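So you know, we letter chains A, B, ... as the sequences are listed, proteins then strands, and number each from 1. Quantities reported herein were computed from a predicted structural model and do not represent experimental measurements.
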Amino acid sequence: MKPDSFERNQALASEYVVGTLQGSARKRFEHWMMESPRLRRQVWYWERRLEPFNNSLPKTDPPAAIWNSIEQRLFGESTQPSEEKGLGLWFWRWTTGLALAAVLALLVWTPLPPQVNHSMVAVVQSEQAQPLWVMNASTANHSLTLKALPPVAVDAQQDYELWLLSESGVPVSLTVLPTEGAELRITLSNEQVRELLKSRSLAISLEPKGGSPTGQPTGPVVYQTQLVEM
Amino acid sequence: MNCDNERLVTLLAKSAQGDRHSFACLYQQTSAAVYGMCVHLLRSTDEAQDVLQETYIQVWHHAGEYHADRGTPITWMMSIGRYRCLDALRRRRHHVDFETVEAIQTSEEPGPMQETDAQLDRQRLSDCLKGLDERYRATIEMAYFRGFTHQELALAMDQPLGTTKSLVRRGLSVLRRCLGS
């Protein structure tokens, strides 16, 4: 049921911002937010009101390598310290000051080599060998494209949820899968790409509408598949 | 709006027009706050760095969607980062640090909420929190600063899930009435 009163909107918006609204309820709320300017304004109200919480947390300079990774991902290049790039000397003094920290950080944080792209594909089939989904992963773009083929249908009260089977054995939720011929493209985090390259294993479970309410599979795992290099 | 915010709004606006220099300045001026929050919530520098990257990539792509109703630019960016942190926490629910929770509940040292400074909005939030019933304040604090779910809050406070949900909802309702007054 959609929130339909001012009080209900307030309650849900505050729980969304604080973070206690979760699972399928959180996903449903995000969907309602897309439709309702009033609900969005309630969320913004709480974000503004609770901002002092964030200000009370200690600031921490991130490793300089992070900025290079962001530039690499956004623009396909990493800025070198030069005046011609137009950033100004102060920025590079700041960056250089963190150089040692960056080197140390790189010892424990190993970003994906940006020049290496792994294109992988998986086809999920039914027991009757009927193709249900085609999945394409591109590590350079951090993307996973999921296309549902026409036979894919699901009960109105349920959704198929896609999980990355990490080497640690803990499934990581990636998304609720599209059905009935729809296509969906999701962006993977660095951590997810690293895990995907290691395990290449995906599983699909049947979950309540909107996805697992717990963050872990609650329904039966109905399909498993392996991504293979193209 | 103070000078800092005016400058950040300008940098965001220029970023929305594709000005990479402004985006770099924006990152330089705000990333320590966003990263500090991520490290605090996630307790993992690896994950915090991933979230920081995702946050600024989203900021670059959506800079044009910022407007004053979202709060200051830093409010908007912190919200983007915070929701990504919550997503990351939900993906690894088995890593809940309950020892830290007990420390928060029993410590008499000023917590993060008590350390909010004297600026008007901070002072109002701080005053309202002080006026809250201790159980309300503790649940809101743990949810916000640790990213706890209802179930995790119930476990941490050793009380039924239904009671915990009611506490959160009532606590937020009281807080809102106070903040809105």
- Query: So, for A:Arg48 and B:Asp69, which heavy atoms are closest and what is the spacing to 0.1 Å?
  - Reply: NH1-O, 2.5 Å
- Message: Looking at B:Arg176 and A:Glu7, is there a salt bridge between them, counting it only when a charged N and a carboxylate O are closer than 4.0 Å?
- Response: no
- CD-CD distance between A:Glu191 and B:Glu47, expressed to the nearest 0.5 angstrom: 4.5 Å
- A:Pro63 and B:Gln49: which non-hydrogen atoms are nearest, and at how many Å? CG-NE2, 3.4 Å
- Task: Sort A:Val17 into side chain, backbone, both or neither according to what part of it lies under 4.5 angstrom from a heavy atom of chain B.
- Result: both
- Message: If you count heavy-atom pairs within less than 4.5 Å of chain A, which of B:Ser79, B:Cys38, B:Ala48 leads?
- Response: B:Ser79
- Query: So A:Trp46 and B:Leu175, side-chain contact (heavy atoms from CB on, under 4.5 Å) or not? Walk me through it.
  - Reply: CA-CA 11 Å; A:Trp46 278 95; B:Leu175 183 61; 4.1 Å; yes
- Query: Distance from B:Asp46 atom CG to A:Asn190 atom CG, nearest 0.5 Å?
  - Reply: 10.0 Å
- Item | Selection from A:Arg41, A:Glu51, A:Arg40 maximising heavy-atom pairs under 4.5 Å formed with chain B | A:Glu51
- Roughly how far, to the nearest 0.5 Å, is CG of A:Asn54 from CE of B:Met77? 12.0 Å
- Aromatic ring pairing B:Phe23/A:Phe75, orientation class (parallel under 30°, perpendicular over 60°, tilted between): perpendicular
- Among B:Tyr35, B:Tyr27, B:Tyr56, which residue meets the side-chain contact (heavy atoms from CB on, under 4.5 Å) test with A:Ile66? B:Tyr27
- From OG (A:Ser212) to CZ (B:Arg90), nearest 0.5 Å: 12.5 Å
- Item | Closest non-hydrogen atom pair, B:Gly36 against A:Thr60 | CA-OG1, 3.6 Å
- Heavy-atom closest pair, residues B:Leu86 and A:Gly19: CD1-CA, 3.8 Å
- Query: Parallel, tilted or perpendicular: which describes the rings of B:Phe145 and A:Phe53, with under 30° parallel and over 60° perpendicular?
  - Reply: tilted
- Under 4.0 Å between a Lys/Arg side-chain N and an Asp/Glu carboxylate O for A:Arg194 and B:Asp50? yes
- Closest contact, heavy atoms only, B:Leu52 versus A:Ile70: O-CD1, 4.4 Å
- Message: With a 4.5 angstrom heavy-atom cut-off, is it the side chain or the backbone of B:Arg84 that approaches chain A, or both, or neither?
- Response: neither
- Task: Give me the contact list for residues 163-174 of chain B versus chain A, heavy atoms only, anything under 4.5 Å, ordered by residue number.
- Result: B:Val168, B:Arg169, B:Leu172
- Determine, stepwise, if the pair B:Gln53 / A:Arg73 fulfils side chain to side chain donor-acceptor pair (under 3.5 Å). CA-CA 9 Å; B:Gln53 283 192 54; A:Arg73 286 178 59 185; 3.3 Å; yes
- Are B:Arg124 and A:Arg49 side-chain neighbours, meaning at least one heavy-atom pair lies under 4.5 Å? yes
- Query: Taking atom OG1 of B:Thr149 and atom CG of A:Leu21, what is their separation to the nearest 0.5 Å?
  - Reply: 11.5 Å
- Task: Just do the side chain to side chain donor-acceptor pair (under 3.5 Å) check on A:Glu15 and B:His150 with the steps written out, would you?
- Result: CA-CA 10 Å; A:Glu15 290 208 39; B:His150 281 134; 3.2 Å; yes
- Item | Other residues, nucleotides, ligands: >12 heavy atoms within 6.0 Å of A:Lys59 NZ | no
- Note on the structure: Taken to the nearest 0.5 Å, the spacing of A:Leu74 CG from B:His61 NE2 works out to 5.0 Å
- Message: The criterion is ring pair (Phe, Tyr, Trp, His ring centres under 6.0 Å); which residues satisfy it with B:Tyr83, sequence neighbours excluded?
- Response: A:Tyr16
